[in-house]
Number of protein chains: 2
Amino acid sequence: MSEPGLACCTPLSGTAMSAEQAEQVAPLLKALADPVRLRLVSLIASSASGEACVCDLNDAFELTQATISHHLKVLHSAGLLDRKKRGVWVYYAVRPAALRAVAGLFETAVPA
Amino acid sequence: MSEPGLACCTPLSGTAMSAEQAEQVAPLLKALADPVRLRLVSLIASSASGEACVCDLNDAFELTQATISHHLKVLHSAGLLDRKKRGVWVYYAVRPAALRAVAGLFETAVPA
DNA sequence: TCGTCATATCGACGCTTGTCAATATGATGG
DNA sequence: CCATCATATTGACAAGCGTCGATATGACGA
């Protein structure tokens with residue numbers, strides 16, 4: 001692993017993400033890194049009321065109800081979605097703070 | 001899967017991400033959804049010259065050279081990193097366009 | 001030509017993930 | 001109470017992932 005002290009190129013400079021930061025943000029990205037979950041978040045975020053009923057989400061995909069439920073759980077456990085039960089139905093809403101945390105990652109990383 | 005035509009809640013409205021869009025962006029997020037790869041991109045992006053030599057990246061982690069090489073390959077295959085060989089050394093640089101594609105996702109999704 | 005160094009590839013290993021069918025939970029209405 | 005509906009959970013399966021040690025590739029200097 002190149003022990004000798006002879007620089008082969010420009011040393012890494014600037015302030016890069018810390019290991020702890022990476023460990024914190026990666027789970028959020030992992031939760032979003034699935035086509036179905038991306039669409040779920042998008043559907044919920046773009047709904048008029050800011051929230052969506054699971055029954056509608058189920059109908060938007062050609063997947064089992066169990067699978068959608070699983071994906072929603074993943075997003076909820078990651079802190080990306082809020083869960084609210086009203087009567088028989090369950091509504092999920094996006095947590096803007098969580099999305100902003102991810103967005104912030106790229107705002108600082110990408111040089112416009 | 002709730003066939004009857006009785007709406008239980010607000011129908012999903014607005015323009016959400018298409019399935020094709022989701023399938024396109026998800027691989028980018030998947031490539032970034034790992035603490036090591038996140039740090040790799042961050043290290044490269046924050047380097048003074050905008051690129052980083054693999055030898056330096058190896059030294060920044062307590063991982064095998066094979067593992068780092070694998071992660072760099074994943075990022076490169078996803079289109080997030082450019083690869084340039086100079087002499088014995090290999091340099092990776094971030095592709096701003098790819099990062100912007102991901103950033104755009106959240107700019108439109110997150111309501112400021 | 002040979003040895004060395006930097007990087008990539010291979011093969012293997014355990015762990016995680018996405019999906020499903022089946023079943024459980026829990027609220028509602030008759 | 002009981003049947004029904006919406007959602008969650010369980011258990012199983014194949015596929016994918018992160019990591020490693022070992023080895024291959026390919027460039028350089030002596």
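The shown structure was predicted, so the numbers you read here are calculated from the model rather than taken from an experiment. Numbers restart at 1 for each chain; the letters A, B, ... are given by sequence-line order, proteins then strands.
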Side-chain contact check for A/Ser69: nearest option of C/dC20, D/dA8, C/dT7 is D/dA8
To the nearest 0.5 Å, atom CG of B/Asp56 lies from atom CD1 of B/Ile68 at 12.0 Å
Tabulate protein N/O versus nucleotide N/O from nucleotides 10-15 of chain D, keeping only pairs under 3.5 Å, one per line.
none

note: A/Asn58, atom CG; D/dT7, atom P; distance rounded to Å ~ 7 Å
B/Leu81 CG to C/dT7 P, in whole Å, measures 14 Å
Here the distance between atom C1' of C/dC5 and atom NZ of B/Lys85, to the nearest Å, is 12 Å
Of A/Leu32, A/Val74, A/Leu72, the one forming a side chain to side chain contact (heavy atoms under 4.5 Å, CB included) with A/Arg37 is A/Val74
To the nearest angstrom, the CD1-C1' distance between B/Ile68 and D/dC17 comes to 15 Å
Picking from C/dA8, D/dT7, D/dC5, the nucleotide nearest the side-chain atoms of A/Val88 would be D/dC5
B/Lys85 meets the side chain to side chain contact (heavy atoms under 4.5 Å, CB included) criterion, sequence neighbours left out, with B/Val90
Check the interface with nucleotides 14-17 of chain C: list each N/O to N/O pair with the protein under 3.5 Å, or write none.
none

Regarding the side chain of B/Thr67, the nearest nucleotide among D/dC20, D/dC28, C/dT7 is D/dC20
Regarding the side chain of A/Gln65, the nearest nucleotide among D/dT7, C/dC20, C/dT19 is D/dT7
Ranking D/dA8, C/dT7, C/dC20 by distance to the side chain of A/Tyr92, first place goes to D/dA8
Under 4.0 Å, heavy atoms only, any strand: does B/Arg86 hit a base, just the sugar-phosphate, or nothing? nothing
Between CG of A/Leu72 and P of D/dT9 the distance, given in whole Å, is 11 Å
To the nearest angstrom, the CG-P distance between A/Leu63 and C/dA21 comes to 11 Å
Whole-Å distance, B/His71 NE2 to C/dA8 C1', equals 15 Å
